[in-house]
Amino acid sequence: PGKLFFLTQTGTSKALAQRLLDLLSSKNNIPFDLVDPHTYEPEDLPKESLIIIIASTWEDGNPPQNSKFFVNWLADISTDFRAGNLLLSDCKFAVFGVGSRLYRDTFNAVARDLGKRLRGLGATEMVPVGEGDVDGGELESVFEGWSEKVVTVLKGGLVMENENGIVYESDVESLESDDDDDGEGGEDIVDLEDIAGKGPSRKKSVNVAETNGKLDGKREMVTPVIRANLEKQGYKIIGSHSGVKICRWTKSQLRGRGGCYKHSFYGIESHRCMEATPSLACANKCVFCWRHHTNPVGKSWQWKMDDPLEIVNTAIDLHTKMIKQTKGVPGVTQERLMEGLSPRHCALSLVGEPIMYPEINALVDELHRRRISTFLVTNAQFPEKIKMLKPVTQLYVSVDAATKDSLKAIDRPLFGDFWERFIDSLKALKEKHQRTVYRLTLVKGWNTEDIDAYSKLFVLGKPDFVEIKGVTYCGSSATSKLTMENVPWHSDVRAFSEALALKSEGEYEVACEHAHSCCVLLAKTEKFKVNGQWHTWIDYEKFHDLVALGRPFDSDDYMALTPSWAVYGAEEGGFDPDQSRYKKERHHKSKR
């Protein structure tokens, strides 16, 4: 039997290989063995007569972990003059790549290189290297078409080979389809030599299924696969690119068991907070992403666009339906339930990059018109969008690292000029008059040693606040190298925050903490510490009144007194004493 290799990091290539194995073995009676290259001896390759490789490209154009030895061996032997160019002359092969076109130069670099190496060793290529794009929304259809051509060749269906590539029976049949009813076939005739992508298509009408979600010339952001993955995680999908999800802290405060750190720091009522986003797409693939990269990515808006009013209406409708499902849950009172059914805050930080949505200003306006406050988070890759953004209640920029190298390692950005975009985003924040925040996520062993570098970033954006939070471990994932060892204790976060405040030489002080979330807040001393008392909370009604007036206003125009239990060092640790603290009983098995 032939060998079907999968070079995988997240499991996508393995899943595709298993699908192809079923197509080959079960449906066409062509025997193949599914092989993990990690368990295969590459020196046995010259013995093989038929190999197929499904290859993912990982960070910086490198092969996945399970295949490094296999790929490196092939690279070495192909440049060894002693091996010659006939080492694999008895072998036929096909390679399909799984990558992201957004990474440009390294798109399917591993698959392309494998094809070149195998050809150089004398192996015969059955079909050209297939190139699947995981972020382009067409991976499934491209792989299906490539697989059909592989099966055609293996069943003896090769018709001819010319200077432009290999031509298959299926391609010839498509030329002979009866699309000539209009009698104007002159312009649409395709020469056989143009099949390799140069000639115009004969097909004049294509249904939605054939376009993989493309409507009116634009594809939908959320493909069926992405939708299934996100819905499995509890997301409610709105239209073609937005989402909403109920937060565990919303459910917690509905039960009277405490609110999130935003309740402690800014006075948000967690049970009246709606987590949503108008763009599920992001421009980064962060190592600590708690969606495990199941959301789409992109560097610009390239999808069908939904109406902002429809997004807000549907988000509120879906959110309130989820709130209603808590009726009857122990601790949920009728009063809190009714309050929860009328959201007063919207955290535009659920997933993705909300600021990418072209109508973000119209969406924010609609939320403010309903007197719903807005906390918007951006990942510091779209400085021009920040400049164009209308006032929001509080604007965040994620500062995941303080140096270029560490930012690249942690955020894994799509943009080549990611560092320049990052710096320009911080500078754009400085020009905003409403409340601004640097949000730091501490990952032990990755970015907790850069105190000096972080402090130097303060002068660029002059944020009102700096939130410092320990990374949340979301379980094992092939897309992330993080373990529980990378999660800092609250004491680690406190020590880092105090050191950072000290570096600011009095410009910032440690103002609040929420021990349960491993989160600490620094605030500008001169602006928010009035007569020795912190004013980090927000007067939300005052904010909405200021927005309605339409005149310029500043962050200190709608600040409010911080309660003593939320202040840094208070014995409550940021837990609201009006709530009931609930601690789960943990039954650990005793070691024998």
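Computation of the quantities below employed the complete heavy-atom set of this structure, encompassing side-chain atoms and omitting hydrogens, waters and symmetry-equivalent molecules. Model, not experiment: these values are computed from the prediction.
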Checklist line | pair Thr8-Ile54: side-chain heavy atoms closer than 4.5 Å | finding: no

Notebook entry, point to check: Is there a side-chain contact between Phe553 and His433 (heavy atoms, below 4.5 Å)?
Noted result: no

Checklist line | Residue list, side chain to side chain donor-acceptor pair (under 3.5 Å) with Glu467, at least two apart or on another chain | finding: Tyr261, Tyr266, Tyr396

Item checked: Leu442, Leu440, Thr441, Val443 screened by side-chain contact (heavy atoms from CB on, under 4.5 Å) with Asp400, the one that passes -> Thr441

Notebook entry, point to check: Passes salt bridge (Lys or Arg N to Asp or Glu O under 4.0 Å), Arg371 versus Glu541? Steps please.
Noted result: CA-CA 8 Å; Arg371 298 183 79 82; Glu541 293 307 313; 2.8 Å; yes

Set of side-chain contact (heavy atoms from CB on, under 4.5 Å) partners for [X], sequence neighbours left out:
{"X": "Lys427", "result": "Ile423, Asp424, Leu460"}
{"X": "Ser580", "result": "none"}
{"X": "Phe575", "result": "Gln579, Arg581"}

Note to self: Checking Phe458 against Val466 for the side-chain contact (heavy atoms from CB on, under 4.5 Å) test, could you report, in this order, the C-alpha distance in whole Å, the side-chain angles of both residues, the deciding distance, and whether it holds?
What the structure shows: CA-CA 9 Å; Phe458 283 12; Val466 180; 3.8 Å; yes

Next item on the list: State whether Tyr558 and Lys542 meet the cation-pi test: NZ (Lys) or CZ (Arg) under 6.0 Å from the six-membered ring centroid, and within 45° of the perpendicular axis.
Entry: no

Next item on the list: Run the ring-centre check on Phe415 versus Phe382 and record whether the distance is less than 6.0 Å.
Entry: yes

Next item on the list: Check whether the ring centres of Trp301 and His241 lie less than 6.0 Å apart, and answer yes or no.
Entry: yes

Notebook entry, point to check: Hey, what's the ring geometry for Phe465 with Phe528, parallel, tilted or perpendicular (30° and 60° as the breaks)?
Noted result: tilted

Item checked: ring-ring contact (aromatic ring centres under 6.0 Å, His included) partners for Phe418, two or more places apart -> none

Without placing hydrogens or testing angles, list every side-chain donor-acceptor pair under 3.5 Å for residues 511-523, not counting sequence neighbours.
{"unit_1": "Glu513", "atom_1": "OE1", "unit_2": "His490", "atom_2": "NE2", "d": "2.8"}
{"unit_1": "Glu513", "atom_1": "OE1", "unit_2": "Arg494", "atom_2": "NH1", "d": "2.8"}
{"unit_1": "Glu513", "atom_1": "OE2", "unit_2": "Arg494", "atom_2": "NH1", "d": "3.0"}
{"unit_1": "Glu513", "atom_1": "OE2", "unit_2": "Gly569", "atom_2": "N", "d": "3.1"}
{"unit_1": "His514", "atom_1": "ND1", "unit_2": "Ser517", "atom_2": "N", "d": "3.4"}
{"unit_1": "His514", "atom_1": "ND1", "unit_2": "Ser517", "atom_2": "OG", "d": "2.8"}
{"unit_1": "His514", "atom_1": "NE2", "unit_2": "Gly259", "atom_2": "O", "d": "3.2"}

Margin query: Taking Ser240's backbone N and O only, do any of them form a donor-acceptor pair with Asp306's side chain (distance below 3.5 Å, no angle check)?
Written below: yes

Checklist line | Matching residue for Thr378 among Lys385, Glu353, Arg439 - test: side-chain hydrogen bond (donor to acceptor under 3.5 Å, both in side chains) | finding: Glu353

